[in-house]
Amino acid sequence: MKTLDESDVGIFCFISNLPGFRGILKQRYSDFIVNEVGTDGNVVHLTCLDAPPEAVVEHKEMKRSDQLNKSYASEIESFRSLAGDSDADCLKALINQITSGNSEDSISPVVLSANSDKSHRTAIHNFFKENFKFLVTDTIDGPDASSKCIRVRLNSGGNNGSGRNSKKRKERGDNPFDSRGSENWPEHQGKFLRFHLYKENKDTQEALGLIGKMLGIQSRSFGFAGTKDKRAVSTQRVTVFKQRASRLAALNKRLIGIQVGDFCYVKEGLLLGQLQGNRFTVTLRGVVANSEDVIKASANSLGRLGFINYFGLQRFGSGSVPTQLVGATLLRGEWKAAVSMILDPREGERNEISKAREYYKETDDIDGTLRKLPRHLVAERAILQCLKKCPGNFLQALKAIPRTLRMMYVHSYQSYLWNHAASMRVEKYGTEQVVVGDLVYSKADNTEELTCVNSECEAENCNDIDDCGQLDEVSATELPVGRNNLVKTATAEDIHTGKYTIDDVILPMPGSRVIYPTNEVAEVYHRLAKKDGINLTEIVHNVKEFSITSMTGSYRQVFQKLLDFEWELLKYTDASKPLAETDLDKIAKAKPLSIIKEEELVGGDEKKDPSDCIEQFESLENVIKLSTDDNEADCGRELRVPQFKSLHGSDSQEVQMALKLGFTLPTSCYATMAIRELLKTSTSVAFHKTLNQ
């Protein structure tokens, strides 16, 4: 199958009939800057890498070294009265071994006397918990069937039963957060550390996975409002459960392409969907047009009219098996076929992935395939691990995929239908006025004729997840519940009174509680679904999450305006020079004296000011250089600079044109669709790579 094209997913039309021009999208990571807009309306920036001063926490428990240095004579005598002379002498011998400095490997457990009294054994267990924090106890079988023995051994994992085999570790899987290292958290302090995450050429899950690994905590401890582009520079808010700001700040000097800062403690963790949108700073390089007037007219038109609110190519994946095709297979209830579509070899993937897929296709060796398959292929690994436990149960294997990921297949199919409907609406009725039969959000006080439904709840929060991303990068978001809105069908009277404008027109994402337009646009939904063997109104299987009739559905505006739109034309001669400042650039600019040159470090005689963040800015320089050093994956490399003829006929290697755009979009809107309206060309990475040839 060929690489996905915009026309394959229903993207055909433009609002304006102005001519387009040539420009390269995402030639450098810093050409696409994304800053999250929080629910408070503030744009999220990284402004400080330092951890705030923290109050000293008084630990309730003694350090292990302190415990081992004290005398336990009185405790042993108390134990003697509880358990008898023989057991007390065994305990004394064990403690003498430990406090004398013997290696842990040479210290063997001791087994206390057989005891058939359960309540007495419980008292002994509790005695050790209260008096010997560096020891752990368990119960083993005694010499006869009616008795048990208590075994006492050194707790090699440290304090409070946090060793490898402790009950606490076993039960951690049931806890909502990974709380390692948080036993002494101050009661007055918020349980969540909120910070700003800055990243280059990494998706959100990848960055947080790396941070979690360095902290020794699981990824579920983090909360964030939405995933951001991979092939970009982005800043967003993140929360983590019971972690010290100083621990995260210390990671900055070890992280490449990622930085964290602006720390504060809050009571609640972030949830998906808790944002207003994203602020974009997009630089189109190598701009070529018949004249500057063409560029200016197009930019002004984009600001005035906006763009058709299509779901971008990122919504449908980047592989040769688009996600909407998998979604259609799921909606038909063809579980085995869906599994094959996800697992089978496909074109255009990296060699290691292709070999793993081919290996499984030829051998059915699940363990061997899992060893070969990269960990970021979440869906594939989940399916294989389930098939290993439940051979042949393809539905169960599909349900093993994380819910937010597996639901994206079906949501992609809904988006596919929506895009086609939006194109038909524009082709049939234009972009200037409401027509009879259009759906609109009601502005009426009279609600008798209205249908109450969930509004646009497809808030992917990603705006633009990298076109090059693997499926999990596109799909790892959750659909928050939308607010209730009243939707109605526009009447001739509504048109006559001018109550509604083209900006009010909406189209449904198919589901059981939506209504469809009463004009010809509705036909495209049912026609395309029927072509794919899907009925939008009848139940074909009983698996609700893969059934259109079991989904509520939602609505989406057909036309979207850019908020706080601004633009400027730039000329540049050095293609390696950034044309827009990132948050990290601004921090470095604010503290230029904090950056120490490499030769000064080698000399070893520099004078360090304690107030300077020297080590942080050493790593900061590495991050700034990342755009030319990182070649992660095939699509992660910087595009080579094209040699264009400039507008003014001068040497193309000396002067080129760039168009820098700044705008804000609400959740679920794709910035690449705004760029498409401007350039009148495809937004696919494959197309923009051809501009460099």
Side-chain angles (χ1 to χ4, degrees), residues 57-187 215-218 221 241-244:
V57 180
E58 293 184 5
H59 292 278
K60 297 177 182 179
E61 308 292 347
M62 285 191 298
K63 292 181 179 179
R64 182 173 178 177
S65 58
D66 295 335
Q67 293 174 353
L68 299 182
N69 288 333
K70 65 167 285 188
S71 170
Y72 284 93
S74 61
E75 285 85 351
I76 291 172
E77 291 309 308
S78 296
F79 183 70
R80 191 181 300 277
S81 62
L82 174 65
D85 291 339
S86 175
D87 287 348
D89 291 341
C90 287
L91 175 61
K92 183 177 180 180
L94 176 63
I95 292 176
N96 286 339
Q97 282 190 71
I98 296 171
T99 56
S100 63
N102 292 345
S103 66
E104 291 187 10
D105 294 337
S106 66
I107 300 173
S108 301
V110 298
V111 179
L112 304 182
S113 304
N115 190 339
S116 59
D117 186 345
K118 184 176 181 179
S119 61
H120 188 239
R121 293 199 305 269
T122 300
I124 292 175
H125 284 302
N126 290 335
F127 183 88
F128 277 94
K129 286 181 181 178
E130 294 172 7
N131 296 281
F132 299 100
K133 302 295 184 182
F134 55 92
L135 299 176
V136 291
T137 60
D138 59 1
T139 304
I140 61 175
D141 292 332
D144 55 69
S146 63
S147 65
K148 300 284 186 181
C149 295
I150 291 177
R151 180 173 57 183
V152 184
R153 65 185 188 278
L154 179 65
N155 178 11
S156 59
N159 292 340
N160 302 325
S162 59
R164 182 176 299 277
N165 298 313
S166 70
K167 182 178 179 183
K168 185 172 185 179
R169 180 181 291 270
K170 293 176 183 176
E171 292 179 345
R172 188 173 292 134
D174 298 326
N175 293 339
F177 301 101
D178 186 345
S179 56
R180 272 173 276 192
S182 63
E183 290 87 354
N184 303 305
W185 198 260
E187 293 182 5
L215 292 174
I217 61 175
Q218 298 176 29
S221 293
F241 184 68
K242 286 188 175 181
Q243 289 294 321
R244 298 276 170 210

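Note that this is a predicted model, so its numbers are computed, not measured.
With sequence neighbours left out, S116 forms a side chain to side chain donor-acceptor pair (under 3.5 Å) with no residue at all. Residues passing the salt bridge (charged side-chain N to carboxylate O under 4.0 Å, His left out) test with K148 are D141, sequence neighbours excluded. When the salt bridge (charged side-chain N to carboxylate O under 4.0 Å, His left out) test is applied to D89, the partners found at least two apart in sequence or on another chain are R80.
Taking every heavy atom of both residues into account, I124 and A83 meet most closely at CD1-CB, 4.4 Å. Taking each heavy atom of R121 and I150 in turn, the nearest pair found is O-CD1, 3.5 Å. The two residues H120 and L82 come nearest to each other via the heavy atoms NE2-O, 2.9 Å. Between W185 and K242, the closest heavy-atom pair is CZ3-C, 3.5 Å.
Using a 4.5 Å heavy-atom threshold, the side chains of V110 and L91 count as separate. In this structure the side chain of V152 never reaches within 4.5 angstrom of the side chain of D138, judged on heavy atoms. The side-chain heavy atoms of I76 and I95, taken from C-beta on, include a pair separated by under 4.5 Å. A heavy-atom distance below 4.5 Å is not found between the side chains of E75 and F128. By the 4.5 Å heavy-atom criterion applied to side chains, V136 and R153 are counted as neighbours. For the pair L112 and F79, the minimum side-chain heavy-atom distance is below 4.5 Å. Using a 4.5 Å heavy-atom cutoff, the side chains of P143 and C149 are in contact.
Here C90 contributes atom SG and D85 contributes atom CG; the two are 11.0 Å apart, rounded to the nearest 0.5 Å. Atom OG1 of T122 sits about 6.5 Å away from atom CG of N126, to the nearest 0.5 Å.
For the pair S221 (side chain) and I217 (backbone), a donor-acceptor distance under 3.5 Å is absent. Without hydrogens or angle criteria, K129 side chain to H125 main chain gives no donor-acceptor distance under 3.5 Å.
Aromatic ring centroids of F134 and Y72 lie under 6.0 Å apart.
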